[in-house]
Every structure is written in structure tokens, then in C-alpha cells.
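Chain naming here is simple, since letters A, B, ... match the order of the sequence lines and numbering starts at 1 in each.
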Amino acid sequence: GQQVMQIPQYQHVQEGEDFTTYCNSSTTLSNIQWYKQRPGGHPVFLIQLVKSGEVKKQKRLTFQFGEAKKNSSLHITATQTTDVGTYFCAGPNFGNEKLTFGTGTRLTIIP
Amino acid sequence: NAGVTQTPKFQVLKTGQSMTLQCAQDMNHEYMSWYRQDPGMGLRLIHYSVGAGITDQGEVPNGYNVSRSTTEDFPLRLLSAAPSQTSVYFCASTGAGSYEQYFGPGTRLTVT
């Protein structure tokens, strides 16, 4: 079945440093979504990317979708304590809209 | 709108007991799903429904049943709880024409 892996599993950064998480799917995706889960909370939708090579920005967050639509990345510039949490990518297969979530990257910030 | 609500928030069961986790949404969303979240394994899809009267299996359906008699409600039944079902359970819903999933607050289940 489809597998979606994320690296790294954990990332500890000093406040103000940049952070990147990478998402790789074993199959081609029709779209990729990113979610953020604060400690003790539930996943919250951040963004969806649909087009090959698409890049979207939300303030300090930059999201990219690979040309082959099998990988994606999330980059945070100048991290803040509010960025703490686990970031998940998720994607459905073509022709099968069941969503498969990545394993997540847990970000902690050292003040 | 309350969004997606789940009850209970916490539950402790003994092995072999049965119970139902409740999920309701007031956004008139057609698509609803159940996930379990275990440390280091992300969210895994248990069952999902594309509308009232229609359900299908996800990645890890064994030991769980669902039904969808109304658009609003999507309960998850554990038939005979096992320690391997200790997890955090999230219900989510998605509106027609959208991919964004709205998650409930979760139910933390412990099976002893």
C-alpha cells in the first residue's frame, strides 16, 4: 500500500533558526496537504498543494510540491515558540481519495 | 458552529469490554473518517464514510465497526477491546469539493 514518510522525526532548533521537514510518498499524489498538531491538541489544516512544482507561502512558512508529485517540503524561516508542534503531510492516491498521513516531524524550540 | 465534537475525552476499558466512541459534526459535511494516532506512527485511517449509509475500510479496520445513519453522526464501535487498541482516536470531516479535514478534539483510550 501507499507509504508516506517524513524526515526528520524530531527537530530541536534555537528560536530564530530555520526549520525544514521533508515528505516522501511511495506513489504519485493528486495533492498534498500539511497539518500542524500542537502538543495535546488535534491536527489543524495548514495548506493544500495540487500542481506539480507548486510553491505556496504563508508568512514565514513555505510549502513546496515536487515536480513528480511524490515529495513535498515545509520550511519555516526564523522559528518562534508558537511554531512548536508536530507537522504532518498527507496525501491521497490518484483514484483513491483515502488520505494517508506521514509519520510527522516534531519541532521543539529552545528559547 | 461547534465543528467536530467527540465524546468521551478519556476512557479506560478492560480487555474484552465493548464501547462506542461518538463523533458528530454540524457542518453538513459528507465525508467523515476515523483515525488512530500512536507515537511515531502518525495518523492511521480506521474507517471512513462518503455519505449517510456508506462506509468503507481504511488502513487498520480490524476490531472496529462503524455506521453512518445520518450525515451528522459517525460512531466508532470497539467490539472486544484489546490492549493494542490503546491509542488516541480522532474523528474528522470534509465538505464536498474540499480536501481540508476538520478534526475533533480526540478521545484518549486506554485498554488494560
Side-chain angles (χ1 to χ4, degrees), chain A residues 1-11 21-27 29-51 54 56 58 63 65 69 72 85-106, chain B residues 2-10 21 23-25 27 29-51 54-62 66 87-109:
Chain A
Q2 178 191 30
Q3 290 188 325
V4 180
M5 302 299 293
Q6 279 183 256
I7 55 170
Q9 189 173 359
Y10 301 96
Q11 186 79 58
T21 173
Y22 300 91
C23 175
N24 293 287
S25 170
S26 59
T27 59
L29 302 169
S30 59
N31 68 84
I32 190 93
Q33 301 169 39
W34 285 90
Y35 290 79
K36 177 183 177 181
Q37 183 177 24
R38 294 181 184 274
H42 59 274
V44 175
F45 176 82
L46 292 177
I47 206 162
Q48 177 186 294
L49 304 172
V50 179
K51 298 177 184 175
E54 189 170 12
K56 285 188 177 180
Q58 288 181 349
F63 304 84
F65 199 11
K69 303 185 82 170
S72 182
T86 301
Y87 292 85
F88 293 98
C89 62
N93 279 331
F94 272 112
N96 177 353
E97 297 309 306
K98 289 189 290 188
L99 208 58
T100 299
F101 276 79
T103 44
T105 296
R106 184 173 176 181
Chain B
V4 181
T5 58
Q6 290 183 241
T7 56
K9 283 191 168 64
F10 302 94
L21 307 186
C23 173
Q25 52 89 12
M27 298 174 283
H29 285 174
E30 290 296 323
Y31 186 98
M32 296 185 73
S33 50
W34 276 102
Y35 295 89
R36 60 176 290 173
Q37 184 173 35
D38 303 295
M41 300 191 73
L43 293 124
R44 292 184 291 169
L45 183 65
I46 304 171
H47 284 286
Y48 68 100
S49 168
V50 298
I54 307 168
T55 64
D56 204 350
Q57 296 181 348
E59 182 186 351
V60 288
N62 293 341
V66 292
S87 188
V88 180
Y89 291 84
F90 288 102
C91 178
S93 73
T94 305
S98 171
Y99 289 106
E100 179 179 348
Q101 297 218 358
Y102 292 82
F103 283 82
T107 294
R108 186 173 294 273
L109 175 69

(request) Indicate the atoms forming the closest heavy-atom contact of B:Phe103 with A:His42, along with that distance. (result)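 B:Phe103 and A:His42 have their closest heavy atoms at O-CD2, 3.5 Å.
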(request) Below 4.5 Å from any heavy atom of chain B, which atoms of A:Tyr35 appear? Answer side chain, backbone, both or neither. (result)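 For A:Tyr35, the side chain is the part near chain B, not the backbone.
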(message) With a 4.5 angstrom heavy-atom cut-off, is it the side chain or the backbone of A:Gln6 that approaches chain B, or both, or neither?
(response)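 No part of it gets close to chain B.
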[X] versus chain A, the contacting section by heavy-atom distance below 4.5 Å:
| X | result |
| --- | --- |
| B:Gln37 | side chain |
| B:Tyr35 | side chain |
| B:Gln6 | neither |

(message) Are more than 12 heavy atoms, taken from residues, nucleotides or ligands other than B:Arg44, located less than 6.0 Å from that residue's CZ atom?
(response)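 Atom CZ in B:Arg44 is crowded, with more than 12 foreign heavy atoms closer than 6.0 Å.
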(message) For A:Phe45, I'd like to know if atom CZ has over 12 heavy atoms of other residues, nucleotides or ligands within 6.0 Å.
(response)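 Atom CZ in A:Phe45 is crowded, with more than 12 foreign heavy atoms closer than 6.0 Å.
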(message) So, taking the atom named OG1 in A:Thr103 and the one named CG in B:Leu43, what distance separates them when rounded to the nearest 0.5 Å?
(response)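 Output value for this atom pair is 11.0 Å.
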(message) For the interface with chain A, which of B:Gly42, B:Pro105, B:Gly58 has the highest count of heavy-atom pairs at distances below 4.5 Å?
(response)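 When all of B:Gly42, B:Pro105, B:Gly58 are compared, B:Gly42 has the most.
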(request) Return yes if a side-chain donor-acceptor contact under 3.5 Å exists between A:Gln33 and B:Gln101, otherwise no. (result)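 Short answer, no.
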